[in-house]
Amino acid sequence: MPDNADPARRNPSPSSGSGPSRRRVLGAATGAGLALAAGLPGVAGNAEAADLPLLGTYDVVVIGSGAAGMTAALTAAKQGLSCVVVEKAATFGGSAARSGAGVWIPNNPVILAAGVPDTAAKAAAYLAAVVGPDVSADRQQAFLGHGPAMISFVLANSPLRFRWMEGYSDYYPELAGGLPNGRSIEPDQLDGNILGAELAHLNPPYLAVPSGMVVFSADYKWLALSAVSVKGAAVATECLARGTKAALLGQKPLTMGQSLAAGLRAGLLAAQVPVWLNTPLTDLYLENGAAAGAVVTKGGAAGLIRARRGVVVGSGGFEHNAAMRAQYQRQPIGTEWTVGAKENTGDGIRAGERAGGALALMDDAWWGPAIPLPGDPYFCLAERTLPGGLLINAAGARFVNEAAPYSDVVHIMYEKNASAPDIPAWLIVDQNYRNRYLFKDVAPTFTFPDAWYDSGAAHKAWTLDALAGQIGVPAAALRATVNRFNSLALNGKDTDFHRGDSAYDHYYTDPSILPNSCLAPLWLAPYYAFRIVPGDLGTKGGLRTDARARVLRADGSVIPGLYAAGNASAAVMGHSYAGAGSTIGPAMTFGYIAALDIASGASGAGAVAG
């Protein structure tokens with residue numbers, strides 16, 4: 001079993017090519033047919049669209065108010081262009097607002113000011129090693145070259161400030177250019193009062209911050225240890241002190257994705273960029289083969305917004321579109337396992353495809369093991385990494401380094417599922433683990449909600465044999481697996497799956513556990529099992545773009561005036577994941593690049609991209 005830095009893990013599957021397939025052609029034809037049946041323009045730019053009521057004319061029309069869309073709109077406005085943002089949801093912020101809002105931008109001014117020893121050369125070597133040949137060198141360089149400038153631009157044109165997430169390692173720090181202490185940054189605390197009434201329209205977080213506390217993403221690793229760690233207790237006290245101070249000052253403190261989305265929205269308010277909520281995209285509008293606007297539904301009626309200079313698609317992925325997931329991705333797959341914004345149903349991707357755009361990476365997502373709890377899935381980070389737990393398949397055997405980057409764990413789940421079923425997998429822990437660590441938002445020693453057990457997401461038994469019976473795995477195999485794991489833990493070396501070999505493996509662990517903070521034996525009854533499925537933060541496939549964020553046709557030619565960024569575009573990370581914030585960092589950067597390219601007036605009509 002290779003360790004989690006093995007480049008082989010990042011190779012694309014055979015189905016990941018960007019060329020048109022029979023099922024994609026059929027899917028596009030079906031989408032067009034449905035549009036026509038609904039009385040909507042099935043071919044972008046037809047006469048019916050041109051005859052719709054004109055809702056406005058702007059230099060730039062941006063689809064989606066997530067990190068990509070709002071960064072693009074802010075950049076366009078500061079370049080002197082008129083701009084409107086149209087948003088399908090009743091709220092702004094998209095999946096970014098729901099997230100922890102890590103931002104992975106190498107060599108950025110925030111980490112350099114903190115003394116992080118990053119350089120452009122290190123960043124280029126690392127990204128190339130992580131991504132491999134999946135993504136062109138010019139796109140990689142565009143991201144690396146513009147990312148730091150994008151952060152400087154956002155700092156200068158919005159109230160956002162950022163903090164280095166010290167210690168949050170790059171996901172493959174052993175590769176050339178990798179940084180064990182990390183490159184990721186996150187938004188600093190922001191007072192929501194700056195938005196006034198608009199704050200009510202902010203998309204809520206995926207997980208609410210504990211009442212009365214102000215918590216940053218980097219705090220969660222220590223909050224999980226607050227019952228057993230002096231530093232963990234100190235961080236919890238600091239989070240409470242921040243909350244108390246904010247309350248005394250009459251502030252509405254925002255952190256993580258809430259801060260990011262609110263800060264970008266505040267920048268748009270100051271730049272007088274309108275954001276139209278409850279305004280879903282129906283189709284793109286083309287004139288003479290160039291993107292010239294968007295057909296949307298506003299106030300219950302269809303209308304046309306014209307774009308003089310360009311259209312930026314930043315409408316997110318297709319994680320909540322069951323038909324698209326079934327068409328492009330491996331089974332089993334479920335829209336109920338994603339934590340992406342519920343409005344992300346691939347509207348912008350499909351519209352771009354109808355306009356002639358090619359697709360890539362549609363088989364992939366920003367994967368992570370998830371527990372399908374009642375109501376919403378729980379994206380499992382620290383819980384599968386903390387010492388005293390292990391993952392097993394249907395045969396009761398371990399199959400992966402539990403502490404590996406979350407995307408890798410799910411890639412391995414899919415790769416191995418056909419021959420040794422591990423969907424669902426099971427996270428096994430004991431009462432010693434439960435006595436020590438926070439689990440989701442359930443404090444150590446506290447009982448889990450009955451609904452977790454009633455739904456089958458959690459099981460509890462006083463013996464491993466009884467637990468095996470509840471989850472349907474061979475009892476003898478589970479006992480043997482736990483015994484083997486315990487012997488490895490006591491020796492501090494996982495010779496089976498290399499858990500703890502990478503610096504990344506130790507981020508969500510307990511430093512008081514020796515000799516390996518990733519590993520501790522299971523010995524205290526009762527025992528627990530948690531159902532693990534392939535969850536995700538969103539899909540990562542979408543419209544093919546070039547280094548200037550321009551949407552490409554299958555032959556590599558540019559669709560004039562059409563741009564894409566964020567999860568509506570095929571990710572610059574390819575099939576891999578360089579570090580915390582590899583979704584949001586590139587999304588913001590390519591939104592920024594798109595707006596700069598539009599402002600330059602060089603849309604490259606008719607050009608063929610390399």
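- Nearest heavy-atom pair across A261 and G93 is CB-CA, 3.9 Å.
- Taking 4.5 Å as the limit, some side-chain heavy atom of V339 sits within range of a side-chain heavy atom of Y206.
- The closest donor-acceptor contact from the side chain of R384 to the backbone of I532 lies at 3.5 Å or more, if one exists at all.
- By the 4.5 Å heavy-atom criterion applied to side chains, V215 and P210 are counted as neighbours.
- In this structure, R163 is positioned above the aromatic face of F216, its NZ or CZ under 6.0 Å from the six-membered ring centre and within 45° of the axis.
- Looking at heavy atoms from C-beta onward, L386 lies in side-chain contact with L225 at the 4.5 angstrom threshold.
- Between P444 and A227, the shortest heavy-atom distance links the atoms CG-CB, 3.9 Å.
- When the shell of 6.0 Å around NZ of K440 is examined, it contains more than 12 heavy atoms from other residues, nucleotides or ligands.
- In this structure, N344 contributes its side chain and E319 its backbone to no donor-acceptor pair below 3.5 Å.
- For W426 and N393, the side-chain atoms include no donor-acceptor pair closer than 3.5 Å.
- Put simply, the side chain of P534 reaches to within 4.5 Å of the side chain of W337, judged on heavy atoms.
- Summarising the geometry of L223 relative to C239, their closest heavy-atom pair is CD2-SG, 4.4 Å, with the distance given to 0.1 Å.
- One side chain, D536 or T338, offers a donor N or O that lies under 3.5 Å from an acceptor on the other.
- Under the 3.5 Å distance criterion, the side-chain polar atoms of E186 are matched with a main-chain donor or acceptor of A218.
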* To do: Give the C-alpha distance, both sets of side-chain angles, the deciding distance and a yes or no for side chain to side chain contact (heavy atoms under 4.5 Å, CB included) between K493 and R499.
  => CA-CA 8 Å; K493 186 70 173 176; R499 178 169 167 181; over 6 Å; no
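- A distance below 6.0 Å separates the ring centres of F530 and F439.
- For an aromatic pair to be called close, the ring centres must be under 6.0 Å apart, and Y577 with Y172 fails this.
- A donor-acceptor pair is defined here as one N or O able to donate and one able to accept, closer than 3.5 Å; such a pair exists between the side chain of N516 and the backbone of G492.
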* side chain to side chain contact (heavy atoms under 4.5 Å, CB included) between N108 and I185: does it pass, once the steps are laid out? -> CA-CA 9 Å; N108 74 69; I185 59 175; 3.9 Å; yes
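- Looking at every heavy atom in both residues, P180 comes nearest to G178 through CD-O, 3.7 Å.
- Using a distance-only test at 3.5 Å, with no hydrogens or angles considered, a donor-acceptor pair links the side chain of S184 to the main chain of A580.
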* Determine, stepwise, if the pair S512 / D510 fulfils side chain to side chain donor-acceptor pair (under 3.5 Å). => CA-CA 5 Å; S512 70; D510 183 349; 2.7 Å; yes
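- Rounded to the nearest 0.5 Å, atoms CD1 (I423) and CG (N417) are 4.0 Å apart.
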* Asked: After noting the C-alpha distance and the side-chain angles of M165 and R183, does the key distance pass the side chain to side chain contact (heavy atoms under 4.5 Å, CB included) rule?
  -> CA-CA 7 Å; M165 300 173 73; R183 293 176 160 101; over 6 Å; no
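- Neither side chain, Y504 nor E174, offers a donor N or O lying under 3.5 Å from an acceptor on the other.
- D364 pairs with exactly one of H411, K540, R330, Q329 by the side chain to side chain donor-acceptor pair (under 3.5 Å) rule, that one being H411.
- Taken to the nearest 0.5 Å, the CG atom of L361 stands 10.5 Å off from the OG1 atom of T539.
- R98 contributes atom CZ, which lies 14.5 Å from atom CG of L260 (distance to the nearest 0.5 angstrom).
- Using a 4.0 Å cut-off between charged side-chain N and carboxylate O, D219 and R242 make a salt bridge.
- Nearest heavy-atom pair across P521 and L490 is CG-CD2, 4.0 Å.
- Under the 4.5 Å side-chain criterion, counting only non-hydrogen atoms from C-beta, L522 is in contact with I428.
- The only option from Y527, W523, Y528 that meets the side chain to side chain contact (heavy atoms under 4.5 Å, CB included) definition with Q431 turns out to be Y528.
- A donor and an acceptor atom, one from each side chain of E383 and Y378, are located under 3.5 Å apart.
- Under 3.5 Å, the side chains of H506 and S517 contain a donor-acceptor pair of N or O atoms.
- The distance between the ring centers of F379 and Y406 falls below 6.0 angstrom.
- Counting only N and O atoms by type, the side chains of N401 and D505 include a donor and acceptor under 3.5 Å apart.
- Judged by a 6.0 Å distance limit and a 45° cone about the ring axis, K221 is positioned over the six-membered ring of Y507.
- Between the side chain of S259 and the backbone N or O of M256 there is no donor-acceptor pair closer than 3.5 Å.
- Distance alone, capped at 3.5 Å, is enough to place a donor-acceptor pair between the H320 side chain and the G340 backbone.
- Atoms NE2 and OG, on H575 and S407 in that order, are 10.5 Å from each other to the nearest 0.5 Å.
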* side chain to side chain contact (heavy atoms under 4.5 Å, CB included) assessment of T445 paired with R436 -> CA-CA 8 Å; T445 74; R436 296 176 63 85; over 6 Å; no
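- The aromatic rings of Y168 and Y171 sit tilted relative to each other, their planes meeting at an angle between 30° and 60°.
- No donor-acceptor contact under 3.5 angstrom links the side chains of W367 and D408, judged on distance only.
- Here the OH atom belonging to Y414 is positioned 7.5 Å from the CD atom belonging to Q331, to the nearest 0.5 angstrom.
- Of the N and O atoms on the side chains of T335 and N321, not one donor lies less than 3.5 Å from an acceptor on the other residue.
- Q258 CD to K252 NZ: the interatomic distance, rounded to the nearest 0.5 Å, is 13.0 Å.
- Of the possible polar contacts, one joining the N203 side chain to the G94 backbone as a donor-acceptor pair under 3.5 Å is found.
- A donor-acceptor pair under 3.5 Å is formed between the side chain of E402 and the backbone N or O of L391.
- Heavy-atom minimum distance, I349 versus G542: CD1-CA, 4.0 Å.
- Proximity of a side-chain donor or acceptor of D430 to a complementary backbone N or O of Y433 within less than 3.5 Å is detected.
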